[in-house]
Amino acid sequence: MKKVVVVGSLNMDLVMEVDRIPKIGETIKGEEMSYLIGGKGSNQAVAACRLGNEVTMIGCTGKDTFGDKVLKHLKEEGINIDAIKRDEVIFTGIATIFKTKDDNSIVVIPGANDFCDKDLIDKNIEAIKSADILITQLEIPIETVEYVLKVAKENGVKTILNPAPARKISKEILMNADFITPNESEFEIISGKLFKDGNELEESMINWQKENPSTRLVVTRGKDGSSYVDENEVETMKAIKVNVIDTTGAGDTFNGALAHGLSHEFSMNEAVTFAGAAASLSVTEFGAQTGMPKFEEVNNILDIK
Ligand code: RIB
């Protein structure tokens with residue numbers, strides 16, 4: 001079993017099913033409301049764990065009912081939760097998700113996720129040092145992201161930065177990220193360029209990769225698959241066609257599965273194909289984590305393709 005450490009957010013997702021996203025100043029009536037465990041960190045931890053990895057989650061929740069539910073759930077999934085700090089004062093992170101038939105919009109209130117600090121990293125340094133791969137995202141303080149990537153890199157641990165929610169990324173952070181995995185709109189923010197079409201996106205990917213040779217860029221493109229740059233050319237792995245129920249957590253599944261592939265020494269092509277297949281399966285069920293597949297399920301779908 002490979003050891004995966006995830007440093008990131010834990011949220012309670014309040015999912016509102018709506019026909020469409022409300023306009024500014026408008027009130028609309030929704031259909032259903034569900035409370036589901038989420039947070040990009042927790043989702044990525046579950047994705048990696050379902051694929052058969054030994055996963056440790058480092059993050060922070062409040063000492064409240066939502067925090068209790070998040071921890072109970074992660075423990076039941078088989079994730080090591082010893083490195084999750086519980087803050088006495090602040091509430092557990094909350095994401096309000098407006099889910100339409102085809103897509104979603106999310107508002108995140110970080111709450112305790114903002115208390116995932118350098119001190120917590122130092123306290124859990126041994127878990128990080130012994131990991132095969134570490135994943136982090138941007139729903140925790142940026143100083144923590146920068147610090148944990150540096151610590152991991154200094155200790156020879158492979159690192160994946162999932163730059164979501166997107167913001168400009170400093171050179172100090174990039175220096176210690178072996179892989180970066182934005183979606184198309186996140187890549188627009190990171191590269192500072194807007195793309196009219198796929199050709200412009202690919203041109204920007206090639207340029208970005210030339211300027212940042214030490215960080216491998218992988219762009220997730222929804223139904224268009226996922227792409228990376230190899231010897232100045234963009235390689236695209238097509239998405240597997242599935243019946244889409246809920247796209248929430250597809251990117252997180254991709255990252256958890258990419259961590260599986262990269263820690264098992266898959267080639268770049270194999271790792272991205274595997275991650276894409278896992279992400280495709282994840283959208284066939286409602287909720288961020290419900291459809292996250294087991295290893296055999298990903299293998300089966302790749303075999304029959
Ligand atoms: O990536 C999906 C996740 O983003 C949701 O689970 C929500 O918690 C937000 O963090």
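All ligand and atom numbering here is 1-based and tracks the order in the structure. In what follows, every heavy atom counts, from backbone to side chain, and hydrogens, waters and symmetry copies are set aside. The model shown is predicted, which means the values in this text are computed figures rather than measured ones.
- Each of Thr220, Val234, Val218 was scored for a side chain to side chain contact (heavy atoms under 4.5 Å, CB included) with Ser227, with one residue passing: Val234.
- Taking every non-hydrogen atom of Gly38 and a distance limit under 4.0 Å, the qualifying atoms of ligand 1 come out as 6 (O), 8 (O).
- The closest side-chain heavy-atom distance from Phe286 to Lys99 is below 4.5 Å.
- The nearest heavy-atom contact from the protein to atom 3 (C) of ligand 1 is Asn43 ND2, 3.6 Å.
- Here Phe274 and Phe266 bring their ring centres to under 6.0 angstrom of each other.
- Among all protein heavy atoms, the one lying closest to atom 1 (O) of ligand 1 is Asp252 OD2, 2.7 Å.
- In this structure, a donor-acceptor pair under 3.5 Å is present between the side chains of Asp122 and Tyr147.
- Closest to atom 4 (O) of ligand 1 among all protein heavy atoms lies Lys40 NZ, 3.2 Å.
- Near Ala95, meaning under 4.0 Å from any of its heavy atoms, are these atoms of ligand 1: 7 (C), 8 (O).
- Close approach of ligand 1 to Glu139 (heavy-atom distance below 4.0 Å) involves ligand atoms 4 (O), 9 (C), 10 (O).
- Where the criterion is an N or O separation shorter than 3.5 Å, residue side chain and backbone included, Gly249 fails it with respect to ligand 1.
- Side chain to side chain, Asn162 and Gln44 meet the donor-acceptor criterion of an N or O pair below 3.5 Å.
- For the residue pair Thr248 / Asn104, a side-chain donor-acceptor distance below 3.5 Å is found, with atom types taken as modelled.
- Here the heavy atom of the protein found nearest to atom 8 (O) of ligand 1 is Asp13 OD1, 2.5 Å.
- The shell of residues lying under 4.0 angstrom from ligand 1, judged by heavy atoms, includes Gly39.
- We find that Lys171 and Glu211 are not joined by a salt bridge, their nearest charged nitrogen and carboxylate oxygen being 4.0 Å or further apart.
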